[in-house]
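Take a look at the structure set out below.
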Amino acid sequence: MKLPYLYLFGLLISSGQAFLQVTISLSKVEISVGQSKYFTCTVMGDPDTIDWYNPQGEKIMSSQRVVVQREGNRSWLTIYNANVDDAGIYRCQASDSVGHLQEATVVLEIYREPSPPYVHGQPGGGKSFKISITKQDDGGAPILNYVIKYRSKDKEDQWMEKKVLGNKDYIILEHLQWNMGYEVQITATNRLGHSEPATYEFTMPPKPNIIADTLFNGLGIGAVIGLAVAALLLILVVTDVSCFFMRQCGLLMCITRRICGKKSGSSGKSKELEEGKAAYFNKKKCEKNSDMGICTTRRSIL
C-alpha cells in the first residue's frame, strides 16, 4: 500500500515539484529591551535558499546586532540587545531550484519598563487628599500596581508607602496634618520592572472652623441660604420695633398711622350718617303729625 505513495513522491521530485515544509522552533517570543534571542528555521525538502524577512518586509542581511546563519536545511536568526523597534512578525522563507516558496512566521514582542504616570490631586474631605493617577506608556505589558510614597516637607519624616492595583486611577492619603506641605512619589510597575518615579507636591489647607464646617456639612446650600435670609429678616424686624417704641418711626410706625387714620375717618363718617338718618326720620314724623307745634318746638330745641 505504501508503494503508490512513494512512487507519487518520486514523480513529484523528478518532475520538479519538490516538497518543501518550513517550521520555526517558536511561534511567539516575549523578551524585554536589551535581551538577546535567536530563532531556528528548519526546512524539509531540498531548499535552494533560506532567507529571513523583518517586520517591514525587508530581507535581513547580517549586521553587528542582527545575524543570519545557515547550515544545510537550517537557518538561525539572532537578535542582540533588542530594542522596541525590533518587535513584530519575522518570516523564514525557503525556495527550491524551480522557484517554489514556503515560509513560516514567528511573533516577537518586546517589553520594557513602563513610563512614569501623570499625577495630579485635589483636597479630599477632612484631613485627606486625593491623588489621581493617569497611566502613560505601559511598556507593552499591563501595569500590575502603583507604589505611592509620601512624607511631609517640613519635617524629616520617614517615607510612608501605599500600593494600589494597576487598574485603579486614584488613591486617598489620609490622616494628614493641617497647613502642612507634602511631597509624593508614584512608581508604575509591570512584570519587567518599575518606572522612574513621578513626583507631586501639595499643601494641606488650614484647619477649618468647626462650627461653620459642621453647619455646611449638615445642611445643604439652599438651607444655609434660607437661614441667612431668615436671620436678616429677624434683624430688620427687631430694628424696626426698636425705632417704633423709641423714636416713633420706621415701617411699623408708618403702618400703624395708616391703619389708625383710616379708623378715625371711618368713625366720623358714621356719626354724620347717624345724625342725617335721625333728622330724616324726625322730618317724616312731623309731616304725619297734625300737631306742628311739637315739631317746631323740637326743631327749635334741636
Side-chain angles (χ1 to χ4, degrees), residues 1-117 135-145 165-167 188-196:
M1 295 297 294
K2 295 182 179 180
L3 291 178
Y5 293 101
L6 294 175
Y7 177 73
L8 179 61
F9 184 71
L11 289 177
L12 290 174
I13 296 177
S14 62
S15 63
Q17 301 290 332
F19 175 77
L20 293 177
Q21 183 176 357
V22 182
T23 58
I24 299 178
S25 55
L26 298 170
S27 61
K28 183 178 180 180
V29 177
E30 299 175 355
I31 61 175
S32 60
V33 172
Q35 289 185 329
S36 300
K37 187 67 179 179
Y38 72 90
F39 308 96
T40 302
C41 178
T42 303
V43 181
M44 292 182 62
D46 187 18
D48 186 40
T49 62
I50 303 177
D51 297 313
W52 287 88
Y53 293 85
N54 63 20
Q56 290 74 38
E58 302 169 345
K59 182 178 178 179
I60 299 176
M61 308 300 293
S62 292
S63 63
Q64 185 176 0
R65 198 174 63 84
V66 181
V67 178
V68 175
Q69 296 172 304
R70 178 181 174 181
E71 183 177 332
N73 286 16
R74 290 187 176 181
S75 177
W76 292 269
L77 170 65
T78 305
I79 300 176
Y80 296 98
N81 191 24
N83 57 49
V84 177
D85 296 332
D86 293 327
I89 299 176
Y90 289 82
R91 295 184 294 124
C92 176
Q93 187 179 87
S95 64
D96 57 18
S97 57
V98 294
H100 296 116
L101 301 175
Q102 290 292 330
E103 67 178 30
T105 60
V106 58
V107 178
L108 177 62
E109 295 184 352
I110 308 293
Y111 295 118
R112 60 195 179 279
E113 296 175 346
S115 300
K135 182 182 72 173
Q136 302 299 300
D137 184 7
D138 60 7
I143 300 297
L144 300 178
N145 56 60
L165 295 177
N167 58 357
T189 304
N190 64 9
R191 62 184 182 181
L192 296 177
H194 304 279
S195 70
E196 293 294 324

Is the side chain of [X] donor-acceptor paired with the backbone N or O of [Y] at a distance under 3.5 Å, no angle test?
| X | Y | result |
| --- | --- | --- |
| S75 | C41 | no |
| N190 | R112 | yes |
| T40 | S25 | no |

Next item on the list: Quick one: do Y90 and N54 satisfy side-chain contact (heavy atoms from CB on, under 4.5 Å)? Show the steps, please.
Entry: CA-CA 5 Å; Y90 289 82; N54 63 20; 4.1 Å; yes
Neighbour count >12 (heavy atoms, 6.0 Å) for atom [atom1], [X]:
| X | atom1 | answer |
| --- | --- | --- |
| E196 | CD | no |
| I89 | CD1 | no |
| Q56 | CD | yes |

If I take atom [atom1] from residue [X] and atom [atom2] from residue [Y], how far apart are they, to the nearest 0.5 angstrom?
| X | Y | atom1 | atom2 | value |
| --- | --- | --- | --- | --- |
| W52 | T78 | CH2 | OG1 | 9.0 Å |
| Y111 | D138 | OH | CG | 9.5 Å |
| T49 | D96 | OG1 | CG | 8.5 Å |
| I79 | R65 | CD1 | CZ | 7.0 Å |
| E109 | K28 | CD | NZ | 4.0 Å |
| I50 | E103 | CD1 | CD | 13.5 Å |

Would you say the side chain of [Y] lies within less than 4.5 Å of the side chain of [X], judging by non-hydrogen atoms?
| X | Y | answer |
| --- | --- | --- |
| V43 | R74 | no |
| Q35 | V33 | no |
| S27 | V106 | no |
| L108 | F39 | yes |

Check: Are S115 and S195 linked by a side-chain donor-acceptor pair shorter than 3.5 Å?
Finding: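 No pair is found: no donor N or O on one side chain lies under 3.5 Å from an acceptor on the other.
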Taking every non-hydrogen atom, the tightest pair across [X] and [Y]:
| X | Y | answer |
| --- | --- | --- |
| P114 | H194 | CD-C, 4.4 Å |
| D48 | S97 | CB-N, 3.9 Å |
| G34 | N81 | CA-OD1, 3.3 Å |
| W76 | R70 | CZ3-C, 4.3 Å |
| I31 | A82 | CD1-CB, 3.6 Å |

Note to self: I'd like to know whether E58 forms a side-chain contact (heavy atoms from CB on, under 4.5 Å) with Y53, so could you lay out the CA-CA distance, the side-chain angles of the two residues, the decisive distance to 0.1 Å, and finally the verdict.
What the structure shows: CA-CA 5 Å; E58 302 169 345; Y53 293 85; 5.9 Å; no
Note to self: One pair to check against side-chain contact (heavy atoms from CB on, under 4.5 Å): I110 and E30. What are the steps and the verdict?
What the structure shows: CA-CA 6 Å; I110 308 293; E30 299 175 355; over 6 Å; no
Check: Could D51 and R91 be called an ion pair, given the rule that one side-chain N must be under 4.0 Å from one carboxylate O?
Finding: no
Next item on the list: Apply side-chain contact (heavy atoms from CB on, under 4.5 Å) to the pair V66 and I60, showing each step before the final yes or no.
Entry: CA-CA 8 Å; V66 181; I60 299 176; 3.7 Å; yes
